[in-house]
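In what follows, a single structure is set out as structure tokens and then discussed.
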Amino acid sequence: MSTEPWVTAEHVAQHLGVAKDTVYRWRERKGLPAHRVGRLWKFQLSEVDEWVRAGGADEESGDGSEQK
């Protein structure tokens with residue numbers, strides 16, 4: 001069982017160097033792994049990193065990859 005902490009979209013944005021809005025856009029349009037906890041979206045950085053390495057953030061996979 002993983003003891004990795006769940007983090008916010010703001011934390012993911014800082015980790016990846018993008019705007020928080022981009023994180024939410026990627027979740028909605030490109031399948032960025034996220035889990036709903038009540039009304040909040042939470043992320044695990046290991047899943048986010050794996051998604052990026054698999055090409056999820058590539059510009060060719062759809063819109064919403066702009067950096068702010």
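What you are looking at is a predicted structure, and each value in this text was computed from that prediction instead of being measured.
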Side chain to side chain, [X] and [Y], heavy atoms closer than 4.5 Å:
X   : Y   : result
V23 : R27 : no
H15 : D49 : yes
W26 : L16 : yes
L45 : H11 : yes
F43 : W6  : no

Closest contact, heavy atoms only, A57 versus W51: N-CH2, 3.7 Å

Atom of K20, atom of A9 and distance for their closest heavy-atom approach: CG-CB, 4.0 Å

Enter the distance from E47:CD to E4:CD here, rounded to the nearest 0.5 Å. 7.0 Å

Check for a donor-acceptor pair, side chain of R36 on one end and backbone N or O of G38 on the other, with a separation under 3.5 Å. yes

Where do L40 and T8 land on the side-chain contact (heavy atoms from CB on, under 4.5 Å) test, with the steps shown first? CA-CA 8 Å; L40 304 174; T8 64; over 6 Å; no

Going by atom types only, do H35 and Q44 share a side-chain donor-acceptor pair under 3.5 Å? no

